[in-house]
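The structure under discussion appears below in the form of structure tokens.
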Amino acid sequence: MAASKDASKNNGKQGNMPPQNMTSLQPAPPAPVNVQEKLAAGKNVKIDVDGKKYKVIVDKWERDSLVAHPVHNAKKTLKFHKNQINAEKIAEKRFSQPIADIITVVAYAGIGVAIYSLLQ
């Protein structure tokens, strides 16, 4: 009799059934990233290697190893195997020309206003 009461509360549905279409709600796995393509020679990047972060300039690839030097120390050479590098946490440093132009215009305008106010 208890089973019939539980069934009537669920409107005839069984409570142990898994929800349908759960696989369609999960995000697709990220596409594989080729580390060697992302880290081309001469690029200024921030990489994550075995949990430690490095800011480096890429020198070259020797087979499966990245040869790079720290941004502020060109004499020191670092070598990392491509499997040590976390491909999802590679950040490329880029120079932003539009932002640099805006800063330049604002600086010149500020200098112009300062000179004008001094002359008045």
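Since this is a predicted model, take the numbers as computed values, not measurements. Residues take their numbers from the sequence shown, with the count starting at 1.
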To the closest 0.5 Å, what do you measure between [atom1] ([X]) and [atom2] ([Y])?
X: K38; Y: L66; atom1: NZ; atom2: CG; value: 13.5 Å
X: D64; Y: I85; atom1: CG; atom2: CD1; value: 10.5 Å
X: N73; Y: I57; atom1: CG; atom2: CD1; value: 11.0 Å
X: Q84; Y: D48; atom1: CD; atom2: CG; value: 11.0 Å
X: N86; Y: K53; atom1: CG; atom2: NZ; value: 9.5 Å
X: H69; Y: T77; atom1: NE2; atom2: OG1; value: 8.5 Å

Practice prompt. Using modelled atom types only, decide if a donor and an acceptor are shared between the side chain of W61 and the backbone of L39 within a distance under 3.5 Å.
Written response: yes
Practice prompt. Could you check I47, N44, V45, V71 and say which one makes a side chain to side chain contact (heavy atoms under 4.5 Å, CB included) with K55?
Written response: V71
Discussion item. Pair D101, V105 - check side-chain contact (heavy atoms from CB on, under 4.5 Å), show working.
Written reply: CA-CA 6 Å; D101 290 343; V105 168; 5.6 Å; no
Worksheet, complete the sentence: Note: Y54 and L78 closest approach over all heavy atoms is CD2-CD1, 4.1 Å
